[in-house]
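The block underneath contains the structure these notes are about, expressed in structure tokens.
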6 protein chains.
Amino acid sequence: MRILLVNPNMSTDMTDRMADIARRIAGPDVDIVPLTARSGFPYIASRAEAQIAGGIAFDMIAENLAGADAVVMAAFGDPGLRGARELFDLPVIGMAEAAMLSAAMLGERFAIVTFSPVMRRWYLDCVHDSGLMGRCCGVRTPKAHPADMASMRETLRADLVALARQAIDEDGAEVIILGGAPLAGLAPEISDMVPAIVIDPIAAAVSQAIAMVRITTPSGFLDRQYRPLPKQATGLAPALTDILAGQMRQ
Amino acid sequence: MRILLVNPNMSTDMTDRMADIARRIAGPDVDIVPLTARSGFPYIASRAEAQIAGGIAFDMIAENLAGADAVVMAAFGDPGLRGARELFDLPVIGMAEAAMLSAAMLGERFAIVTFSPVMRRWYLDCVHDSGLMGRCCGVRTPKAHPADMASMRETLRADLVALARQAIDEDGAEVIILGGAPLAGLAPEISDMVPAIVIDPIAAAVSQAIAMVRITTPSGFLDRQYRPLPKQATGLAPALTDILAGQMRQ
Amino acid sequence: MRILLVNPNMSTDMTDRMADIARRIAGPDVDIVPLTARSGFPYIASRAEAQIAGGIAFDMIAENLAGADAVVMAAFGDPGLRGARELFDLPVIGMAEAAMLSAAMLGERFAIVTFSPVMRRWYLDCVHDSGLMGRCCGVRTPKAHPADMASMRETLRADLVALARQAIDEDGAEVIILGGAPLAGLAPEISDMVPAIVIDPIAAAVSQAIAMVRITTPSGFLDRQYRPLPKQATGLAPALTDILAGQMRQ
Amino acid sequence: MRILLVNPNMSTDMTDRMADIARRIAGPDVDIVPLTARSGFPYIASRAEAQIAGGIAFDMIAENLAGADAVVMAAFGDPGLRGARELFDLPVIGMAEAAMLSAAMLGERFAIVTFSPVMRRWYLDCVHDSGLMGRCCGVRTPKAHPADMASMRETLRADLVALARQAIDEDGAEVIILGGAPLAGLAPEISDMVPAIVIDPIAAAVSQAIAMVRITTPSGFLDRQYRPLPKQATGLAPALTDILAGQMRQ
Amino acid sequence: MRILLVNPNMSTDMTDRMADIARRIAGPDVDIVPLTARSGFPYIASRAEAQIAGGIAFDMIAENLAGADAVVMAAFGDPGLRGARELFDLPVIGMAEAAMLSAAMLGERFAIVTFSPVMRRWYLDCVHDSGLMGRCCGVRTPKAHPADMASMRETLRADLVALARQAIDEDGAEVIILGGAPLAGLAPEISDMVPAIVIDPIAAAVSQAIAMVRITTPSGFLDRQYRPLPKQATGLAPALTDILAGQMRQ
Amino acid sequence: MRILLVNPNMSTDMTDRMADIARRIAGPDVDIVPLTARSGFPYIASRAEAQIAGGIAFDMIAENLAGADAVVMAAFGDPGLRGARELFDLPVIGMAEAAMLSAAMLGERFAIVTFSPVMRRWYLDCVHDSGLMGRCCGVRTPKAHPADMASMRETLRADLVALARQAIDEDGAEVIILGGAPLAGLAPEISDMVPAIVIDPIAAAVSQAIAMVRITTPSGFLDRQYRPLPKQATGLAPALTDILAGQMRQ
């Protein structure tokens with residue numbers, strides 16, 4: 001099985017860390033193909049950036065589609081998820097959505113804890129779009145944006161634990177999602193300090209990608225009535241243009 | 001990995017068919033332990049029967065918990081799911097909920113197609129309880145209860161395909177869930193005739209169980225603040241009584 | 001009129017106190033038949049316990065159904081309510097649901113105040129299942145589980161008043177429900193200190209049972225299209241088995 | 001116990017029929033005080049008419065408040081309900097809301113069947129405002145407004161039965177509400193032909209009024225924090241003016 | 001273009017201030033016709049007062065309808081809005097609804113900030129009725145009702161700014177609505193101190209009235225299938241009686 | 001006032017027709033600046049195409065931002081709306097959202113009628129994202145995609161009228177939105193045949209843009225706390241890159 005790990009951010013460090021986690025979760029039989037955006041942003045933190053990065057992700061997928069069995073959109077907030085799912089004939093999994101749907105299978109209500117108040121509204125949009133608002137206790141964040149993104153995994157650790165505890169005590173959360181690609185891999189490190197199930201979104205997304213490959217067939221995607229009609233696109237990258245024209249499907 | 005496949009119905013035929021599908025999906029590294037209820041009902045078709053069968057399933061889980069990594073509640077409608085999830089310190093997956101959450105990862109809106117109008121209201125309760133009503137196009141069924149449950153997989157095949165097509169054309173469904181344990185395994189047989197992704201709930205539930213084992217740890221469950229407080233139960237089966245008393249956890 | 005007061009907990013003290021309140025509310029023309037569970041739990045505090053106790057309540061109802069006009073499920077959280085309502089051919093009233101629906105007739109928004117944070121999530125599930133989340137301001141509880149259940153009606157009195165006042169001031173509650181069978185009868189004692197209408201759930205449930213008997217007829221229940229189909233059950237108590245088989249209806 | 005039966009329509013025929021039903025339901029110990037609007041409309045059929053009739057009902061209540069224990073707003077659609085409930089220090093029950101909340105205690109989902117497509121949108125507003133949309137299967141009506149309001153109870157009988165059956169078969173309704181004051185009393189006449197529980201809204205409203213008197217105290221209403229502040233009104237009827245000024249409470 | 005500015009309160013001071021704002025927003029080509037209630041209340045602060053004032057507003061509109069192109073209901077809380085919209089054959093705009101719908105075009109989530117806790121529940125009803133609860137972060141108010149309504153624009157200024165900041169910081173509000181007719185015109189004065197878009201409801205309502213006149217035609221209103229059927233009303237003011245009888249439309 | 005009319009489709013015919021309507025609605029004092037995408041698609045019909053076209057629209061806005069007072073995103077479905085609204089410091093109006101919010105001011109419930117079943121799901125996503133699902137009666141379309149896009153305004157005219165009538169009769173719609181840029185300008189042509197208010201989305205969007213400019217100030221946008229933090233973008237067009245870097249604001 002071959003899974004594209006599409007980081008629509010330009011940070012190869014982040015891609016590397018996520019690929020490590022993905023490989024550990026997926027085991028040796030799954031080929032994880034990490035891809036890092038060559039244009040766009042160091043990291044995505046707004047709806048506007050997500051709009052642009054979603055289109056960039058389409059190019060990344062189209063160029064690497066041959067032989068792939070599934071795609072993981074490796075940015076919490078799931079830029080381009082709805083569109084990619086419609087366009088490409090294979091499972092496309094978003095980190096945020098996969099984490100939320102997994103959380104809903106592990107407890108009745110979940111909360112999202114993340115590193116900056118700047119992310120709060122965008123993540124809340126994701127919850128709303130997923131339809132799972134009724135099972136979400138909210139998004140909790142520190143009061144200020146971290147001064148230094150690089151060191152924040154260390155500097156914010158105690159704060160994130162405290163926020164998770166508040167979500168449990170005050171909001172009744174039974175599952176905690178540690179949202180945001182920069183926090184990938186932190187969940188297992190702090191779960192002992194948090195009296196709830198703690199989910200790492202990249203682990204959730206990779207596991208869900210494998211699960212979705214198992215329960216679907218390529219022909220099921222090809223036969224979909226609601227695949228976009230073939231379109232002649234202008235000025236887009238060649239691989240994506242071919243896909244949009246209805247050619248070169250897997 | 002060891003997964004309990006808990007059929008809260010008394011039909012061993014149904015258990016056998018679901019165990020076959022589960023093993024095919026899970027592969028050789030996963031030990032599927034099929035369990036069939038020794039009391040209760042031939043098959044569950046109402047909220048009242050689900051209330052009773054949910055308690056029976058608790059006994060089945062408690063007696064077989066040693067060494068288990070996850071539980072699949074193998075009846076669409078998920079009898080006892082919320083309670084089992086709270087009580088047992090491992091992932092507990094429901095066929096209906098797993099199918100719906102998987103469907104939500106494969107398309108924007110899903111429909112449930114099943115074999116009898118009798119099931120409709122109970123399945124609709126499930127959608128409502130899952131919180132995913134906003135992504136569900138409804139439950140479609142034939143007009144009458146099947147005259148013969150044993151042969152209905154053959155006799156109803158064309159009807160079910162027609163119902164799925166209506167859900168796609170008229171309701172905009174992008175994913176079809178073939179609901180009901182008696183239809184287990186039918187999805188791949190009819191998917192070529194249905195222009196959408198068709199989900200087999202037992203396949204979805206087993207894949208989700210494996211995924212949830214991968215992204216959680218036993219200690220995460222043991223540390224949950226919202227585990228039920230230990231209680232002295234009276235008149236219940238010994239294994240379940242021990243669990244409720246806070247003893248003999250895995 | 002004959003109303004079964006089904007306490008699915010094993011505490012006869014609690015049954016006695018609720019029966020007193022029920023008789024005072026119902027007056028001399030109504031025969032209140034108090035029933036206490038002979039198996040199960042001292043009191044129910046989790047979804048898991050509610051699943052089991054709901055099945056126990058079915059047995060209690062089935063054994064005492066002859067001559068009954070209505071059933072009150074006398075535990076806040078309403079274990080087994082949906083199923084009992086479907087199975088038995090008479091009005092089945094839940095304490096939590098009756099309190100919430102009554103509250104919705106007395107003001108625009110209500111809050112639930114109860115004695116322990118442990119109950120919070122289960123009660124919140126009830127609000128969600130009732131469909132009345134849009135008229136609920138939330139569930140407020142003390143921060144810790146009471147050290148002693150027997151004396152808490154006295155020790156927690158001031159705390160419960162303070163919580164009710166917060167729900168009014170901060171959440172805009174116009175009606176307060178004092179949730180939890182152990183608090184039965186406390187509402188009239190504290191209502192002078194709470195500037196809102198305060199509801200005692202057992203009083204609400206009994207009044208609703210009488211109201212529902214008045215506006216329905218036995219034949220209306222017997223004629224229901226969505227009564228469960230007769231089923232041959234195995235290993236269940238005789239009275240319930242007969243009901244499930246479609247025999248011995250009232 | 002003394003209950004004001006406030007018909008905000010000008011039809012004394014309708015008041016008389018509803019008073020008969022109310023007395024039969026309430027029994028000899030309850031004093032039913034029927035009141036018919038002296039201004040306004042022959043019957044209410046729109047949001048605009050309900051706005052005006054709601055104010056007229058306030059006057060009717062204010063003038064007859066002395067000695068009253070509860071108010072039934074005897075027009076389906078509940079004109080003025082929210083405001084009357086806030087203003088008057090006693091239970092105020094609406095026919096539509098009482099019927100819907102009662103229905104929610106008798107089954108999982110209910111439908112409203114009524115006599116004219118003209119009423120459909122207004123009744124749907126009521127469902128929405130009640131917060132119970134999630135438990136409602138919709139409002140079903142004949143295709144055309146009845147040619148003759150006086151004879152429609154006879155001429156429409158078969159149509160209403162057919163609509164109720166459709167709501168059961170196609171929408172899964174477990175309870176049917178026969179909406180609209182002109183249909184008061186028809187429910188028991190047709191319930192044998194409808195395989196579900198059929199609710200007569202005036203019966204539901206009177207029973208709920210009695211229930212609400214039983215579970216509340218006058219002081220509970222007087223102590224409400226959210227009673228309107230006293231206001232000096234200009235140009236309104238004397239009795240209502242006094243109430244608004246905070247005088248002459250019961 | 002001629003717009004009726006209907007103040008259903010009796011305060012001419014408030015009408016004058018709102019008319020000034022309306023004229024500044026609308027420009028010289030629009031004729032703003034300010035109308036002040038001659039009966040009713042100094043200002044509306046409850047659901048009960050809104051019910052009465054809505055009917056008074058109908059009279060004010062009916063008497064001044066000749067030549068009007070649109071109506072602005074100039075009280076936050078929109079008394080009588082649904083009914084007026086149905087009855088009169090021109091756009092009827094509510095201050096609260098217009099402010100909320102405008103807010104929804106300027107950001108993803110909005111909050112309402114107002115001058116008294118007394119208004120909170122009524123305004124929350126408005127949000128709920130609008131259907132926009134999912135985009136609303138709540139209603140924030142000072143803890144106590146202002147001692148002096150006349151001077152509160154000055155005395156509460158700092159408090160209102162602080163409340164708006166809390167709604168932004170803690171609830172994620174991107175747009176702030178300064179609710180309540182007594183605060184009309186304050187929004188531009190404090191917007192520099194509030195890091196979000198601040199909406200003045202009277203400005204929003206007048207702009208929306210102009211927009212709605214532009215995109216509709218008088219015949220579109222006259223042709224509506226869902227206009228109330230003509231009715232013979234009794235005891236109402238002559239102009240409104242004519243409208244209700246289907247005469248004297250514009 | 002200067003409004004950018006951003007057509008993210010490549011069809012200049014469509015841009016011209018929409019610009020004509022916009023100018024007629026806006027009058028001589030408003031400068032309508034029509035812009036047609038130079039890359040992308042002839043017309044957008046899927047979520048995937050909307051993702052790409054949204055990014056293209058950002059470039060179009062960024063290049064023409066100098067001197068602009070508002071932006072109209074001139075494609076029903078509102079590609080890129082959320083992101084553009086966040087990024088650009090002026091009102092950004094979407095055709096679909098503006099039409100829906102306007103509809104909600106003209107009646108209680110609206111329906112969308114459009115030219116192809118292919119558009120149905122994407123438009124339904126828009127309704128859901130707007131939060132107005134509770135006031136929407138659904139999306140109605142012909143059964144098949146039109147054979148010829150160019151002539152469909154003529155060939156489909158009768159079908160669209162019939163669909164609108166069904167939405168009114170069967171779903172209770174009080175307002176009809178003629179959705180889809182290819183139908184721009186058709187609303188006034190068919191409104192005489194449709195007994196409801198019919199909305200032309202481009203007219204609604206332009207009117208709303210003017211309204212939003214009137215009730216906001218440029219500084220209100222610049223001061224927003226939730227403006228995206230400045231970011232160094234790579235590989236994007238120069239004008240957009242400058243905006244993203246926080247430079248060259250209007």
Side-chain angles (χ1 to χ4, degrees), chain A residues 25-27 29 82 85-86 91-94 97-102 104-108 130-136 165 168-169 172-175 187-188 191-200 203-204 206-217 219-221 223-227, chain B residues 25-27 29 82 85-86 91-94 97-102 104-108 130-136 165 168-169 172-175 187-188 191-200 203-204 206-217 219-221 223-227:
Chain A
I25 284 281
D29 296 343
R82 272 182 180 169
R85 187 168 281 162
E86 191 177 57
V92 181
I93 304 299
E97 196 190 62
M100 290 190 283
L101 294 170
S102 296
M105 263 178 285
L106 295 166
E108 200 64 25
S130 75
L132 284 172
M133 193 63 98
R135 295 184 72 174
C136 176
R165 285 181 168 279
I168 297 164
D169 285 344
E174 299 168 69
V175 184
S191 66
D192 279 0
M193 284 165 284
V194 175
I197 295 169
V198 185
I199 289 186
D200 182 69
V206 170
S207 299
Q208 290 295 354
I210 296 170
M212 292 306 105
V213 171
R214 278 197 178 125
I215 68 168
T216 57
T217 58
S219 66
F221 287 89
D223 294 345
R224 292 177 297 160
Q225 176 164 312
Y226 289 127
R227 259 167 118 214
Chain B
I25 284 282
D29 297 343
R82 272 184 182 168
R85 189 167 281 162
E86 192 177 56
V92 181
I93 304 300
E97 195 190 64
M100 289 190 284
L101 294 170
S102 297
M105 264 178 287
L106 294 167
E108 201 63 27
S130 75
L132 283 172
M133 193 63 99
R135 295 183 72 174
C136 176
R165 283 181 168 280
I168 297 164
D169 284 345
E174 298 168 69
V175 184
S191 67
D192 278 2
M193 284 164 283
V194 175
I197 295 168
V198 185
I199 289 187
D200 182 68
V206 169
S207 300
Q208 289 295 352
I210 296 170
M212 292 305 106
V213 171
R214 278 199 178 124
I215 68 167
T216 57
T217 59
S219 65
F221 287 89
D223 294 345
R224 292 178 297 160
Q225 175 165 313
Y226 289 126
R227 260 168 116 216

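Chain letters run A, B, ... following the sequence lines, proteins first and then strands; every chain starts at 1.
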* Asked: Which bit of A/Met105 is near chain B, if near means a heavy-atom gap under 4.5 Å: side chain, backbone, both or neither?
  -> both
* Between A/Ser219 and B/Asp192, is any pair of side-chain heavy atoms under 4.5 Å apart? -> yes
* Asked: Under a 4.5 Å heavy-atom cutoff, which of A/Pro195, A/Ala26, A/Gly27, A/Ala211 has the most pairs with chain B?
  -> A/Pro195
* If you tally heavy-atom pairs under 4.5 Å against chain B, which of A/Gly94, A/Gly107, A/Ser130 wins? -> A/Ser130
* Looking at CE of A/Met193 and CG of B/Asp223, how far apart are the two atoms once the value is rounded to the nearest 0.5 Å? -> 11.0 Å
* **A/Ala173 portion near chain B, given a 4.5 angstrom heavy-atom threshold** => backbone
* Under 4.5 Å heavy-atom distance to chain A, tell me which part of B/Ala99 shows up: side chain, backbone, both or neither. => neither
* Check whether any side-chain heavy atom of B/Arg224 sits under 4.5 Å from a side-chain heavy atom of A/Glu174, and report yes or no. => no
* Asked: Can you tell which of A/Ser191, A/Ala187, A/Gly172 has the highest number of heavy-atom pairs within less than 4.5 Å of chain B?
  -> A/Gly172
* To do: Calculate, to the nearest 0.5 Å, the distance between atoms CZ and CG belonging to B/Arg135 and A/Leu132 respectively.
  => 7.5 Å
* Portion of A/Arg214 that has a non-hydrogen atom of chain B nearer than 4.5 angstrom -> both
* Go through B/Ala104, B/Gly134, B/Gly131, B/Pro91 and name the one with the most non-hydrogen pairs under 4.5 angstrom from chain A. => B/Ala104
* Asked: Measuring heavy-atom distances to chain B, does A/Ile210 have an atom under 4.5 Å in its side chain, in its backbone, in both, or in neither?
  -> side chain
* Heavy-atom pair with the smallest gap, counting every atom of B/Ser102 and A/Ile215 -> CB-CD1, 4.0 Å
* Would you call B/Gln225 and A/Asp169 a side-chain contact if the rule is heavy atoms closer than 4.5 Å? -> yes
* Residue part contacting chain B, namely of A/Val92, when any heavy atom lies under 4.5 Å -> backbone
* **Atom of A/Leu106, atom of B/Phe221 and distance for their closest heavy-atom approach** => CD2-CZ, 4.0 Å
